[in-house]
Participant: 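First the structure, which I've put down as structure tokens, then a few questions once you've had a look.
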Amino acid sequence: MKRQTYKLSIALASLLTLGVVSSCYKDLSTGVTHPLEVVDPTSQLQELYEVEFGSTLTIQAPQYKITNGANVTPTIEWEVDYKKVSTTSTLAYTPTKSSDYGIHPARLKMQTPDGTYYHRFRIRVNFKYREGLYALTQQSGKTAVGYYPFGQSTSPVADIFTEGGVDRDLTGTPQTLNMFTHTTGAGRTTNYLFVGADTWGYRMNADSLKVIGSRMNFNGHTVQANAFSPQDLNEYVVAGGNLYTVGLQTTLPRRLNDARLRTAFSGTLPVLAGRMSVWRNAIYSGGLVLFDETTGTAIVLELSGSGNKVHLFKATYSEPDPFTGQDVSVTGNPFSGSTLLDMSGTATMSHVALLTYSASTSEYTLAVIEPNLFLSSSKAGTSYPMQRIAYKGTDRPTHLALRPEHNSAYVAAGNKVYLYDLQRQAASSPEAYITLGATETIQSMVLSGGTRLYIATYDGSAGAVYSYDVSGSTAQQLWRDTSLGRVTKLVYREPR
């Protein structure tokens with residue numbers, strides 16, 4: 001009797017267990033012999049998919065078979081962010097809203113009457129506008145920015161503002177473009193874009209193109225240049241020859257350094273050229289290099305939490321004696337009476353190059369200064385030595401790109417680019433390093449990574465953008481594109 005009771009208990013337990021397992025499926029049979037017909041995938045989806053904002057991600061449901069060889073077609077559901085988005089075998093996901101950036105949970109569900117197969121995965125939506133060449137242009141009377149992804153011409157974007165849906169009035173003549181990055185103490189990094197046209201400017205998130213704050217206005221002054229100083233976390237804008245400060249937490253331009261500049265120039269406010277460069281030597285040392293067009297004076301603005309300081313640049317340099325013609329050593333302002341044509345700095349080294357023209361001598365001069373060493377010399381009571389190189393080309397130079405790691409610089413003049421060895425100080429007229437079309441005039445030039453030189457030209461009716469490999473002694477043209485029209489400024493956004 002005990003043995004029969006034991007067998008009965010085993011049988012009841014087995015039936016209960018079967019009932020628990022089978023409750024996960026819908027059993028269509030009338031007995032206990034119906035085999036389960038469920039999805040058995042023969043391939044697998046990835047755990048993570050990536051898609052660029054505005055593009056379409058297509059995912060095909062995995063290949064499968066039905067267990068026990070049954071001829072059953074499963075129903076399919078795709079979910080993104082816990083919402084059903086498709087019931088076909090293919091998921092087509094296109095992120096178009098600003099909230100679509102980032103990582104999204106997703107799930108595939110394949111169901112038969114007997115059971116359900118799930119696969120959970122993630123979709124990462126990447127920013128569309130990242131590393132690459134950005135070109136300031138004008139399209140249909142509006143300021144526009146073209147884009148060459150990763151510096152290649154295969155799929156240029158005519159205007160990121162139109163494509164990115166920027167909902168602001170951009171009517172105006174483009175003046176300046178800048179990109180910069182700020183990382184907080186907590187490690188959060190934000191990439192910024194500043195665009196200026198006529199007398200206004202906008203600050204945007206460079207990744208999403210979301211406008212940050214309101215439109216900046218500069219008292220009716222034409223915007224000329226923009227720079228960001230990591231030293232004091234401020235943007236600086238030269239507009240109408242004046243220096244404006246704009247904090248990262250505001251979009252209100254203020255002329256906070258007028259009193260300091262006026263004092264340095266004996267009561268007269270300088271008229272600043274439309275070029276400036278950021279310099280930084282260490283965590284506690286950095287600032288701006290500006291240029292006064294009235295007197296021909298380079299200005300080193302030292303930015304500090306304890307108060308900014310204005311230093312008028314002086315140096316010891318060589319110049320020909322007016323009577324003997326021999327070079328003599330002179331200490332003073334090496335740019336006195338000169339006009340600034342261009343200025344070029346670098347984010348990795350504390351060097352700033354200035355290209356100037358002296359009307360009194362009809363000479364063009366290239367000079368490289370190191371603001372930190374200049375300040376160290378001034379505080380020590382010694383003179384800062386500076387070398388000047390006379391430009392020997394036949395065309396009027398207009399643009400400059402510094403390459404300090406090779407102690408060289410590219411000087412653009414007309415349709416030519418000259419390569420200057422700053423150490424040897426070429427005294428004779430160099431041959432052109434790059435010669436473009438005879439009717440073209442260089443509008444802008446930017447160096448990326450020390451090996452790629454990008455050049456924008458205009459011939460009076462059409463514009464072009466060039467890419468050159470300048471890693472060797474001979475420049476090699478990589479591509480030429482004419483799809484953007486006239487480009488007034490090039491900026492290369494390096495990878496972060």
Side-chain angles (χ1 to χ4, degrees), residues 127-139 143-153 156-161 163-164 166 170 172-182 190-197 201-209 211-212 223-230 235-238 274-278 288 342-348 352-353 398-403 410 412 417 442-458 463-468 470 479 481 483-496:
F127 294 110
K128 181 168 187 177
Y129 310 110
R130 294 175 284 171
E131 177 191 352
L133 180 67
Y134 292 77
L136 183 63
T137 69
Q138 189 176 42
Q139 304 287 344
T143 296
V145 173
Y147 174 50
Y148 296 94
F150 304 101
Q152 303 299 320
S153 62
V157 177
D159 180 24
I160 62 174
F161 296 155
E163 185 181 74
V166 176
L170 298 172
T173 303
Q175 299 293 337
T176 191
L177 175 69
N178 187 34
M179 291 187 171
F180 57 92
T181 298
H182 170 56
T190 304
N191 300 304
Y192 295 94
L193 177 152
F194 176 88
V195 61
Y202 282 112
R203 180 194 296 148
M204 304 180 188
N205 183 299
D207 299 321
S208 65
L209 297 185
V211 176
I212 301 173
V223 176
Q224 297 168 278
N226 172 274
F228 171 73
S229 170
E235 268 186 277
Y236 288 89
V237 177
V238 174
R275 300 285 191 277
M276 62 177 160
S277 183
V278 174
L288 300 174
D342 201 9
M343 186 185 297
S344 176
T346 171
T348 57
V352 178
T398 54
H399 296 86
L400 178 67
L402 180 62
R403 192 179 181 182
Y410 300 94
V417 176
I442 295 174
Q443 307 292 301
S444 182
M445 183 170 64
V446 65
L447 182 67
S448 168
T451 60
R452 294 290 183 272
L453 185 65
Y454 298 96
I455 305 168
T457 67
Y458 187 66
V465 176
Y466 293 84
S467 172
Y468 278 86
V470 293
W479 53 262
D481 179 69
S483 65
L484 299 186
R486 184 176 185 176
V487 172
T488 58
K489 186 174 178 62
L490 294 172
V491 173
Y492 196 92
R493 180 178 171 184
E494 302 290 351
R496 304 297 183 187

Participant: Hey, would you say the Phe228 and Tyr192 ring centroids sit under 6.0 Å apart?
Facilitator: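 Ring centres of Tyr192 and Phe228 not closer than 6.0 Å.
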
Participant: So, the side chain of Arg452 versus the backbone of Gly449: is there a donor-acceptor pair under 3.5 Å, distance only?
Facilitator: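 No; judged by distance alone, with no hydrogens or angles, the pair does not exist.
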
Participant: To the nearest 0.5 Å, what is the distance between CG on Leu453 and CG on Leu447?
Facilitator: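 Going from CG on Leu453 over to CG on Leu447, the span is 6.0 Å.
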
Participant: Nearest heavy-atom pair of Val166 and Leu170: which atoms, and what distance?
Facilitator: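 Residues Val166 and Leu170, closest heavy atoms: CG1-CD1, 4.5 Å.
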
Participant: I'd like to know if the side chain of Ser444 reaches the main chain of Ala456, judged simply by a donor and an acceptor atom lying under 3.5 Å from each other, with no hydrogens or angles considered.
Facilitator: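 The answer is no, because no donor-acceptor pair under 3.5 Å joins these two groups.
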
Participant: Leu133 vs Leu490, test: side-chain contact (heavy atoms from CB on, under 4.5 Å). Steps then yes/no.
Facilitator: CA-CA 7 Å; Leu133 180 67; Leu490 294 172; 4.2 Å; yes

Participant: Ignoring hydrogens and geometry, is there a side-chain-to-backbone donor-acceptor pair from Asp159 to Gly146 under 3.5 Å?
Facilitator: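 No.
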
Participant: What heavy-atom pair brings Gly450 and Val470 nearest, and what distance separates the two atoms?
Facilitator: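 Heavy atoms of Gly450 and Val470 come nearest at O-CG2, 4.3 Å.
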
Participant: Taking all non-hydrogen atoms of both residues into account, name the closest pair between Met179 and Leu193 and its distance.
Facilitator: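 The answer is CE-CD1, 3.3 Å.
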
Participant: Enter the distance from Phe194:CZ to Tyr202:OH here, rounded to the nearest 0.5 Å.
Facilitator: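 Rounded to the nearest 0.5 Å, the CZ-OH separation comes out at 11.0 Å.
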
Participant: Working to the nearest 0.5 angstrom, can you tell me the gap between Arg275 CZ and Thr176 OG1?
Facilitator: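 Atom-to-atom, Arg275:CZ and Thr176:OG1 are 8.5 Å apart.
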
Participant: Evaluate Tyr147 against Tyr129 for ring-ring contact (aromatic ring centres under 6.0 Å, His included), listing each step before the verdict.
Facilitator: CA-CA 8 Å; Tyr147 174 50; Tyr129 310 110; 5.8 Å; yes

Participant: In Å and rounded to the nearest 0.5 Å, what is the CG to CZ distance from Asn191 to Arg130?
Facilitator: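 Separation between the atoms: 11.5 Å.
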
Participant: Would you name the heavy atoms of Val487 and Leu484 that are closest together and state the gap between them?
Facilitator: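 For Val487 and Leu484, the tightest heavy-atom pair comes out as CG2-CB, 4.2 Å.
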
Participant: Is there side-chain contact between Val278 and Leu288, with at least one heavy-atom pair below 4.5 Å?
Facilitator: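 With C-beta onward as the side chain, the pair touches.
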
Participant: Minimum heavy-atom separation for Gly151 to Tyr492, with atom names?
Facilitator: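 Residues Gly151 and Tyr492, closest heavy atoms: N-OH, 3.8 Å.
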
Participant: In Å, rounded to the nearest 0.5 Å, how long is the span from CE of Met445 to OG of Ser344?
Facilitator: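 Separation between the atoms: 8.0 Å.
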
Participant: Closer than 3.5 angstrom, by distance alone: can the side chain of His182 be matched with the main-chain N or O of Pro230 as a donor-acceptor pair?
Facilitator: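 It does not hold such a pair.
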
Participant: Between CZ of Arg493 and CZ of Phe180, what distance do you get to the nearest 0.5 Å?
Facilitator: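 Output value for this atom pair is 11.5 Å.
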
Participant: Could you tell me whether the side chain of Trp479 reaches within less than 4.5 Å of the side chain of Tyr148, counting heavy atoms only?
Facilitator: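 Yes, their side chains come closer than 4.5 Å.
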
Participant: Looking at Ile455 and Tyr468, what are the two nearest heavy atoms and their distance?
Facilitator: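 Distance-wise, the nearest heavy atoms are CD1-CD1, 4.2 Å.
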
